[in-house]
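This report concerns only the one structure given below.
Here the structure is a predicted model, which is why all the values come from computation and not from measurement. Keep in mind that the numbers below use all heavy atoms, side chains included, and drop hydrogens, waters and symmetry copies. Here is the naming used below: chain letters follow the sequence lines, and residue numbers restart at 1 for every chain.
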Amino acid sequence: MLEIKFVRQNLEAVEAALADRGQSADLTAFKAMDETHRGLLQESESLRHRRNVVSEEIARLKKAGRPAEALMEEMRAVAVRIKELEKAQSETQEALSAILMAVPNLPHPSVPKGRDSSDNPVAKTWGTPPAFDFTPQAHWEIGSGLNILDFERATRITGARFPLYFGAGAQLERALINFMLDLHTRAHGYREVLPPFMVNRASMTATGQLPKFEQDLFKLEQWDYFLIPTAEVPVTNIHRSEILEESALPICYTAYTPCFRSEAGSYGKDTRGLIRQHQFNKVELVKFCTPETSYAELESLLAQAEAVLVQLELPYRVVLLCTGDMGFAAAKTYDIEVWMPAQGVYREISSCSNFEDFQARRADIRFRRKGKKGTELVHTLNGSGLAVGRTLAAILENRQRPDGSVDIPPALRTYLGGMKEIRP
RNA sequence: GGAGAGAUGGCCGAGUAGGUCGAAGGCGCUCGCCUGCUAAGCGAGUAUACUCCGAAAGGGGUAUCCCGGGUUCGAAUCCCGGUCUCUCCGCCA
């Protein structure tokens, strides 16, 4: 969330930024509530002060064996008033935080203004889409032809939008996970973590999924736990409520997890194939760093995610999300989109964001500068490195051959016992 | 699931016949001094959040000893509820 002081002092700027995101922003309720709240705070604090002073006085009188009944009587009334104020205060506090928790992050100045994905400028294009002298098949057709993907049976086991891999398909998914983790840990200096796949409400709130987006999550019925929609949640929460040493930064983690999303509101979209599933695998990159380095870290994070596609020889492009297309918590986001030949479009395969201190404030993750007093909020970043199912889909489509077989990218072959291709 | 123990500052760890405890002591860290020889000595400082005053420097106030209630003029200390951790038993991949 945004700092309450900042919002108070920059109401118009915040409203304007929200408008850029395509949100109607009316913070007059916030302003009034904030003033009420601070008034209550001042009254109750001065009463508490009075109480603290008098309590000491009572202790002194009693020790000296002198009567204190009159003061105690006065304090009984003060205590009642303090209780009233506390109640009112907790109500205004709750109202204020409800408003603030629902306010998205402010876009970084370098983010272009725009309404939706059609306004996202392309920042970079890498590789050349393969030229086929036959009509390329969609990955679900290839997968079913090779008998490695089975969406029909997955539906029987669970329901729509769940994947079921067999044989070389399952192996390929696993190989991709290992390949990505190895690349990020060995070449990019990340530390591997394997976190819980369910998290509590506080963790979801810290990274921004809650309270606004509960309908996008899978929630356990008997527990106040949620299935993670991305490893960003458990991994960012590793350091919740901690004060880190500046010398420890940046902290870089990479994690493989399955991800669970209800995909509410996406009915009818991408109903076939691996593109939009309720459960999918992802290797995530997460960084904690100082504010002055976070934009450089965003660029390197992006490059590290791109490196996966470069090594797999999959053509892609990078787009910079405009203000209207960015996620709730992000200040700046690059999407990496891989080429999907069957549809002839680039599809998102990674999203790399700098959240600045938006998540850190919610999660209370700070650091201490060497030789300086006090603490500052860290900046957090994360990006997919990459979405595994979509990567597998891209390999199938980009490296398919007219006979229905698929050529395995050379970088991946050692992870598959030397397998060079998948044949029916 | 059953029984018991516990939760204090960056870390360790005192502190319960309720008051002068934001909290001893140690470690760590910062600054200064001393000394110089590899590892010590001395001194000072060292939680966080919110809020008010101030241009600022800085100063005032409040809260926080797991969380939420309660008792009381007053609670780290007493009572109730919850969460988490540890030990033992049970169950289990």
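The gap from the P atom of B:G4 to that of B:C80 amounts to 14 Å, rounded to the nearest Å. Distance check on atom P: B:C65 versus B:A24 gives 15 Å, rounded to whole Å. The P atoms of B:A63 and B:G22 are separated by 10 Å, rounded to the nearest whole Å. Distance check on atom P: B:U85 versus B:C79 gives 24 Å, rounded to whole Å. Comparing the same atom, P, in B:A39 and in B:A49 gives a spacing of 38 Å after rounding to whole Å. A distance of about 23 Å separates the P atoms of B:G28 and B:G15, rounded to the whole Å. B:A47 and B:U8: their C1' atoms are spaced 13 Å apart (whole Å).
Note: CG (A:Asp364) to P (B:C67) measures 13 Å, nearest angstrom. Atom pair A:Leu40:CG and B:U51:C1' shows a separation of 13 Å (rounding to whole Å applied). Following rounding to the nearest Å, A:His37 (NE2) and B:A49 (P) show an atom-to-atom distance of 17 Å. When the C1' atom of B:G60 is taken as reference, atom CZ of A:Arg48 falls 17 Å away, rounded to whole Å. Rounded to an integer number of Å, the gap from A:Glu242 CD to B:A49 P is 16 Å. Summarising the geometry, the separation between CD on A:Glu86 and C1' on B:U64 is reported as 13 Å, rounded to the nearest angstrom. Here B:U62 presents its C1' atom at 10 Å from CD of A:Gln89, a figure rounded to the nearest Å. Between the NZ atom of A:Lys62 and the P atom of B:G18 there is a distance of 12 Å, rounded to whole Å.
Judged by atom type and distance alone, A:Glu45 reaches the base of B:G61 through a side-chain donor-acceptor pair under 3.5 Å.
Checked against B:G19, B:U51, B:U62, the side chain of A:Asn52 finds its nearest nucleotide in B:U62. Nearest nucleotide to the A:Met75 side chain, out of B:G61, B:C73, B:U51: B:C73. Residue A:Met72 has its side chain nearest to B:C73 when only B:G19, B:A63, B:C73 are considered. When distances run from any side-chain atom of A:Tyr225 to the nucleotides B:C84, B:G19, B:C50, the shortest one goes to B:C84. Of the candidates B:G19, B:U48, B:A63, B:A63 carries the atom nearest the A:Arg51 side chain, counting heavy atoms from C-beta on. Each of B:A63, B:C73, B:U71 was ranked by its minimum atom distance to the side chain of A:Lys83; first place goes to B:U71.
With respect to the salt-bridge test (charged N to carboxylate O, under 4.0 angstrom), the residues A:Glu69 and A:Arg76 qualify. A salt bridge does not link A:Arg366 with A:Glu242: every distance from a Lys NZ or Arg NE/NH1/NH2 to an Asp or Glu carboxylate oxygen is 4.0 Å or more. Salt bridge annotation for A:Lys83-A:Glu86: absent, with no cationic side-chain nitrogen under 4.0 angstrom from a carboxylate oxygen. One finds no salt bridge joining A:Arg390 and A:Glu337 here, because no Lys/Arg side-chain nitrogen approaches an Asp/Glu carboxylate oxygen to under 4.0 Å.
Residues A:Tyr295 and A:His108 place their aromatic rings such that the two centres sit under 6.0 Å apart.
Ring-plane geometry between A:Phe260 and A:Phe218 is classed as perpendicular, the angle between the planes exceeding 60 degrees on a 0 to 90 degree scale with a lower cut at 30. By the 30° and 60° cut-offs, the orientation of the rings of A:Phe213 relative to A:Phe328 is perpendicular. The aromatic rings of A:Tyr190 and A:His188 sit perpendicular, their planes meeting at an angle over 60°, well past the 30° parallel limit.
Stretches of at least 3 consecutive Watson-Crick or G-U wobble pairs, with each checked distance under 3.5 Å, appear in RNA chain B as B:1-7 with B:83-89, B:10-12 with B:25-27, B:28-33 with B:41-46, B:47-53 with B:58-64, B:66-70 with B:78-82.
The residue A:Leu71 sits apart from the nucleic acid: no heavy atom pair falls under 4.0 Å.
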